[in-house]
Amino acid sequence: MPVPVFPSKRAPIYQDIPDEKWNDWRWQLSHRLNSLSEIEQVLELSESERIALGQKGLFRVDVTPYFISLMDPKDPNDPVRRQVIPTDKEMSAFTGMMEDSLAEDAHSPVPGLVHRYPDRALMLVTTQCGSYCRYCTRGRIVGDPMATFSREEMDAQIDYLERTPQIRDVLLSGGDPLVLAPKLLEELLTRLRAIPHIEIVRIGSRVPVFMPMRITDELCDMLAQFHPLWLNIHVNHPNEITAELAQACDKLSRAGIPLGNQSVLLAGINDCVNIQRKLVQDLVRIRVRPYYLYICDLVEGVGHFRTPVAKGVEIIEGLRGHTSGFAVPTFVVDAPGGGGKIPVMPNYQISASDHKVVLRNYEGFISTYEEPLDYQPHDSSTCEYCQHPRVEGGQTGVLGLLEGKQMSIKPQGFDHTHMRSEQTHRLRQDGNKWKPLGIGDGEDEPK
Ligand SMILES: *Cc1c(COP(=O)(O)O)cnc(C)c1O
């Protein structure tokens with residue numbers, strides 16, 4: 001089997017560690033570096049890093065020997081290093097920063113379970129990770145062992161899922177679900193699989209990136225019992241793609257688990273079209289499909305990682321058409337205040353009249369699509385799917401949660417779930433004329 005050649009690295013201090021230890025995830029976990037004195041044995045620390053590592057009470061630092069080996073020991077701007085080694089910039093507060101910027105707590109019917117979308121829910125199953133990202137959106141809870149969810153909370157989460165039949169997709173995140181004790185993870189997956197309306201389970205994990213040796217044959221066999229199971233990893237820079245990560249992804253793929261990648265757009269790390277192109281091309285070589293590219297959230301202490309939204313649009317523009325279509329992620333802004341993920345993309349539609357749509361391609365070539373004159377709109381009165389929509393009535397569950405909770409960016413009484421379908425509907429009924437709708441416009445429309 002032709003395996004692409006990606007590097008395999010070990011920092012000099014680990015050269016004499018026997019392979020059995022290096023390749024054992026328990027060894028990697030128990031030898032994580034977290035203090036200034038340990039980290040300076042591997043990296044030549046900058047003054048800014050020294051100040052930050054000398055502080056107590058910043059959110060947790062922990063780096064696996066494997067991951068620190070990917071860093072340039074002499075370069076404080078190394079893109080892998082910047083992701084997990086703190087600097088003193090992290091200590092500054094920024095106006096507009098929020099502790100819980102996505103209002104996840106406000107959308108939690110039970111602690112640790114976020115139900116923001118009609119048919120899927122996010123389950124925060126642990127606060128622990130393999131290593132800790134400096135730009136973490138859940139820095140408010142992650143890494144704090146006191147904030148770990150108890151068994152009673154897990155029971156309450158499962159109980160909510162059991163009595164909420166519109167949820168067909170459960171996303172396990174945290175923290176990192178793959179650092180859970182294997183027995184506990186298996187029990188959790190077993191309990192989820194026992195709920196008939198849960199069709200798919202997804203795991204969001206950076207363990208394959210921080211500690212690829214955790215992806216053992218036993219783990220893959222265990223996970224494969226729970227199909228359909230999907231997994232998203234989190235790689236931000238091509239330097240994170242190694243022989244070890246390629247092998248971990250190969251094992252997961254062979255276990256039948258479709259792999260995606262979620263990246264965060266980070267100033268000084270990957271805010272560059274050429275880096276992103278190499279990243280997505282290397283990801284598809286290891287059979288990982290780029291899924292989302294996120295804007296950096298408005299979280300305390302991460303202001304120095306933020307980029308303008310336009311940078312993300314420029315990157316997508318530099319990927320679409322220029323490389324394999326399935327290598328292009330969706331750029332999303334997770335709306336502050338709990339609005340959810342909003343895709344932002346280059347505009348390829350220049351104009352639209354009644355019968356013509358004028359478009360440009362990735363090279364700037366302009367063309368016109370003539371619209372049909374005789375289009376018979378879909379007849380929903382005879383369509384079985386329209387007459388019996390899967391989520392009928394289900395959306396009130398979400399709205400019920402929103403009501404009486406903090407709705408900072410939404411006008412009072414604004415029914416956003418309803419508006420979304422109204423909007424799609426109206427665009428179709430208007431003979432495909434593009435008519436931008438303002439917030440609340442849907443409300444006075446005839447039903
Ligand atoms: C991201 C997210 C999901 C999943 O969204 P998809 O677009 O389906 O990947 C679900 N719930 C919450 C709260 C999320 O933040």
Side-chain angles (χ1 to χ4, degrees), residues 98-127 133 135-142 149 153 157-158 160-161 164 166-177 192 197-206 228-235 257-265 288-299 312 316 326 328-345 390-391 394-395 397-402 405-410 416-417 420-421 424:
M98 299 176 249
E99 210 189 31
D100 175 16
S101 83
L102 306 178
E104 291 187 325
D105 297 345
H107 291 153
S108 294
V110 294
L113 193 128
V114 189
H115 188 187
R116 178 187 291 143
Y117 298 104
D119 69 341
R120 52 212 193 279
L122 167 68
M123 216 174 157
L124 306 176
V125 297
T126 173
T127 57
C133 307
Y135 50 87
C136 181
T137 194
R138 298 203 188 95
R140 71 185 187 283
I141 44 172
V142 159
F149 304 107
E153 278 169 347
Q157 294 180 1
I158 302 253
Y160 178 84
L161 296 172
T164 314
Q166 70 264 31
I167 297 177
R168 43 162 284 288
D169 172 2
V170 173
L171 167 49
L172 304 183
S173 181
D176 197 315
L192 291 174
H197 56 264
I198 295 180
E199 296 173 356
I200 63 168
V201 175
R202 300 193 241 179
I203 295 175
S205 174
R206 208 176 186 190
L229 184 77
W230 295 60
L231 195 145
N232 271 333
I233 64 171
H234 172 174
V235 181
I257 304 169
L259 300 176
N261 184 61
Q262 320 204 96
S263 304
V264 183
L265 180 55
V288 175
R289 187 175 169 175
Y291 181 52
Y292 281 143
L293 173 64
Y294 288 89
I295 196 100
C296 187
D297 287 326
L298 293 166
V299 179
I316 301 304
F326 57 75
V328 183
T330 304
F331 174 52
V332 290
V333 176
D334 214 337
K341 297 178 186 71
I342 301 175
V344 187
M345 61 206 91
R390 164 79 197 252
V391 292
Q395 289 167 343
V398 181
L399 295 172
L401 286 172
L402 291 173
K405 302 271 182 175
Q406 169 203 343
M407 292 179 66
S408 48
I409 58 153
K410 298 182 199 83
H416 75 295
T417 314
R420 220 176 282 150
S421 54
T424 328

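Note that the numbering runs from 1 along the sequence shown for the chain. Both counts, for ligands and for their atoms, begin at 1 and track the order of listing.
- Proximity of Gln262 to ligand 1, defined as any heavy-atom pair under 4.0 Å, is not found for any part of the residue.
- Every atom of ligand 1 with a heavy atom of Arg116 under 4.0 Å away is listed here by number and element: 13 (C), 15 (O).
- Numbered from 1 in the order shown, with element, the atoms of ligand 1 that lie under 4.0 Å from a heavy atom of Tyr291 read 6 (P), 7 (O), 8 (O), 9 (O).
- If you number the atoms of ligand 1 from 1 as listed, the ones under 4.0 Å from a heavy atom of Leu171 come out as 3 (C), 4 (C).
- Annotation for Ala121 and Leu113: closest pair CB-CD2, 4.2 Å, computed over non-hydrogen atoms.
- Within the listing of ligand 1, atoms 1 (C), 2 (C), 3 (C), 4 (C), 5 (O), 14 (C), 15 (O) sit less than 4.0 angstrom from a heavy atom of Lys341.
- When all heavy atoms are compared, the tightest approach of Pro111 to Gln157 is O-NE2, 2.9 Å.
- The CD1 atom of Ile200 sits 12.0 Å away from the CG atom of Leu192 when rounded to the nearest 0.5 Å.
- For atom 11 (N) of ligand 1, the nearest non-hydrogen atom of the protein is Tyr117 CD1, 3.5 Å.
- With atom 7 (O) of ligand 1 as the reference point, the heavy atom nearest to it among Tyr292, Tyr294, Trp230 is part of Tyr292.
- Closest non-hydrogen pair, Val288 versus Pro290, comes out as O-CD, 3.4 Å.
- The shortest N or O to N or O distance between Arg120 and ligand 1 is under 3.5 Å.
- Contacts of His107 with ligand 1, taken as heavy-atom pairs under 4.0 Å, are absent altogether.
- Listed for the Arg289 side chain is a donor-acceptor partner under 3.5 Å among the backbone atoms of Phe326.
- Of the possible donor and acceptor atoms, one in the side chain of Arg116 sits under 3.5 Å from a partner among the backbone N and O of Leu102.
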